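What you are looking at is a predicted structure, and each value in this text was computed from that prediction instead of being measured. Numbering of ligands and ligand atoms starts at 1, following listing order.
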Amino acid sequence: MIRLKNRDDIERIKNAGRILAETFQLLKENTGAGVTTLELDKMAHDYILSRGGKPAFLGYMGYPASICASVNQVVIHGIPNTVSLENGDILSLDLGVELNGYIADAAFTLRIGEVEPEVDRLLKVTEECLYLGIEQAKPGNRIHDISAAIYEHATRNGFGVVHQFCGHGVGFELHEDPQVPNCINSGPNPRIKNGMVLALEPMINIGTDEVVTLDDNWTVVTVDESISAHFEHTIAVVDGKPQILTGLQT
Ligand code: MF3
Ligand code: CO
């Protein structure tokens, strides 16, 4: 069941999204070669609490940290650890913030120092996929119009689109209906309506689209160990248009 949000709900999700964007800003300023993802996790955790929020991932289905920190061939759900980041790595940071019972979810992928040209192109294309998907989030369209925009841009550029994981409704809970796949599948394809709040999250690989979950039951990696990027925003459909709720300027 899709739970639509009213203006007040959306304002409250945006307040969570503002803290989330500030946290990302802080992490970005403090990331670099030599830094560990566990240090970033603590920084995010403490900042969110200082702003009156809660890290939405911490304890969710037993997840042990506040952020997901996915390096290089890790697609999503990387658990923060004590390994130092190195020049040429990429780091996908995924973060959920709950504020007074409302949840926002977003992710972005950072370059650590200078990365290879093909990796740079992957990040650029994945971020473009996110924005092309967002443009489609308007009444008159269906969810698969978002999926098609993401899928076509990624495949046109020769990249693999992860299909085992999807975007999702968000706001009252971390994961709500509908699923927002990054490619067209045989699942539900509801019409997009004003009041929908969605997390769009393309996960795109340089190589194969096939991924596997490691023995820790969280870490998702590409089976060919190719590099993978992830960008995500929480958006609301308001007055016939998509509005980003997890941007810094909102
Ligand atoms: N952005 C991710 C998602 O929507 C993060 C969930 S991680 C978890 O699915 F730890 F909370 F599970
Ligand atoms: Co999400």
Asker: Which residue owns the protein heavy atom closest to atom 10 (F) of ligand 1, what's the atom, and how far is it?
Answerer: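 For this ligand atom, the closest protein heavy atom is Y63 CG, 3.0 Å.
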Asker: What I want to know is whether Y60 and ligand 1 share at least one N or O pair that is separated by under 3.5 angstrom.
Answerer: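 N/O-N/O distance below 3.5 Å does not exist for this pair.
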Asker: Consider ligand 1: state whether an atom of it lies below 4.0 angstrom from any non-hydrogen atom of W218.
Answerer: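 A heavy atom of W218 does come that close to ligand 1.
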Asker: Are V74 and V223 connected in a single hydrophobic cluster, I mean Ile/Leu/Val/Met/Phe/Trp/Tyr linked by side-chain heavy atoms less than 4.5 Å apart?
Answerer: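 Yes: a chain of side-chain contacts under 4.5 Å links V223 to V74.
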Asker: Taking side-chain hydrogen bond (donor to acceptor under 3.5 Å, both in side chains) as the criterion, tell me which of R12, R18, E11 meets it with N15.
Answerer: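 Result: among R12, R18, E11, R18 is the only option passing the side-chain hydrogen bond (donor to acceptor under 3.5 Å, both in side chains) with N15.
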Asker: Can you pull out the closest protein heavy atom to atom 1 (N) of ligand 1? Residue, atom name and distance to 0.1 Å, please.
Answerer: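 So the nearest neighbour among protein heavy atoms is D94 OD2, 2.7 Å.
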Asker: In this structure, which one of I103, V238, V170 forms a side chain to side chain contact (heavy atoms under 4.5 Å, CB included) with V197?
Answerer: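 Option passing the side chain to side chain contact (heavy atoms under 4.5 Å, CB included) with V197: V170.
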Asker: Non-hydrogen atoms of I76 versus ligand 1: any pair closer than 4.0 Å?
Answerer: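 Not so, I76 does not reach ligand 1.
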Asker: Using heavy-atom distances, let me know which of H168, H230, E232 sits nearest atom 4 (O) of ligand 1.
Answerer: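 Among H168, H230, E232, the closest heavy atom to atom 4 (O) of ligand 1 belongs to H168.
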Asker: Could you tell me which atoms of ligand 1, counted from 1 in the order shown, lie closer than 4.0 angstrom to a heavy atom of D105?
Answerer: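 Reading through ligand 1 atom by atom, the close ones are 1 (N), 3 (C), 4 (O).
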Asker: Can you give the angle D105 OD2 - the Co ion (ligand 2) - E232 OE2, rounded to 10°?
Answerer: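 For OD2 of D105 and OE2 of E232, the angle centred on the Co ion (ligand 2) reads 80°.
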Asker: When you measure from atom 9 (O) of ligand 1 to every protein heavy atom, which one gives the shortest distance, and what is it?
Answerer: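 Result for atom 9 (O) of ligand 1: H175 NE2, 2.7 Å.
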Asker: Would a distance-only check, ignoring hydrogens and angles, find a side-chain to backbone donor-acceptor pair under 3.5 Å from N157 to H153?
Answerer: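 Yes: the side chain of N157 pairs with the backbone of H153.
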Asker: So which bit of H77 gets within less than 4.0 Å of ligand 1, heavy atoms only: side chain, backbone, both or neither?
Answerer: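 Side chain only.
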Asker: Just checking: H168, one of its N/O/S atoms, less than 2.8 Å away from the Co ion (ligand 2), yes or no?
Answerer: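 Yes - counting backbone and side chain alike, H168 has an N, O or S atom under 2.8 Å.
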Asker: Out of all atoms in ligand 1, which are within 4.0 Å of some heavy atom of L174? Include the element for each.
Answerer: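 The list of qualifying atoms is 11 (F).
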Asker: If only atom types and distance count, is the side chain of Y63 paired as donor or acceptor with the main-chain N or O of I67 below 3.5 Å?
Answerer: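 Present.
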Asker: D89 side chain to E86 main-chain N or O, any donor-acceptor pair under 3.5 Å?
Answerer: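 Side chain of D89 to backbone of E86, a donor-acceptor pair under 3.5 Å: yes, one is there.
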Asker: Does K5 come within less than 4.0 Å of E176, counting only side-chain N to carboxylate O?
Answerer: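 Salt bridge: yes.
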Asker: Show the numbers, then the answer: is there a side-chain hydrogen bond (donor to acceptor under 3.5 Å, both in side chains) between H233 and E201?
Answerer: CA-CA 7 Å; H233 268 310; E201 46 181 321; over 6 Å; no
Asker: Below 4.0 Å from any atom of ligand 1, is there a heavy atom belonging to C68?
Answerer: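 C68 counts as a contact of ligand 1 under the 4.0 Å cut-off.
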Asker: Do R142 side-chain atoms and N189 backbone N/O form a donor-acceptor pair below 3.5 Å?
Answerer: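 Answer holds: yes.
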Asker: Output yes if E201 passes the N/O/S-under-2.8 Å test against the Co ion (ligand 2); output no otherwise.
Answerer: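 So E201 counts as coordinating the Co ion (ligand 2), yes.
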Asker: Select one of side chain, backbone, both or neither to describe which atoms of F57 lie under 4.0 Å from any atom of ligand 1, heavy atoms only.
Answerer: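 For F57, the contact with ligand 1 is made by both the backbone and the side chain.
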Asker: Is there a donor-acceptor pair under 3.5 Å between the side chain of N182 and the backbone N or O of V161?
Answerer: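 Not confirmed, N182 side chain does not pair with V161 backbone.
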Asker: Using distance alone, determine whether E201 and ligand 1 share an N or O pair under 3.5 Å.
Answerer: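 Yes, at least one N or O pair falls under 3.5 Å.
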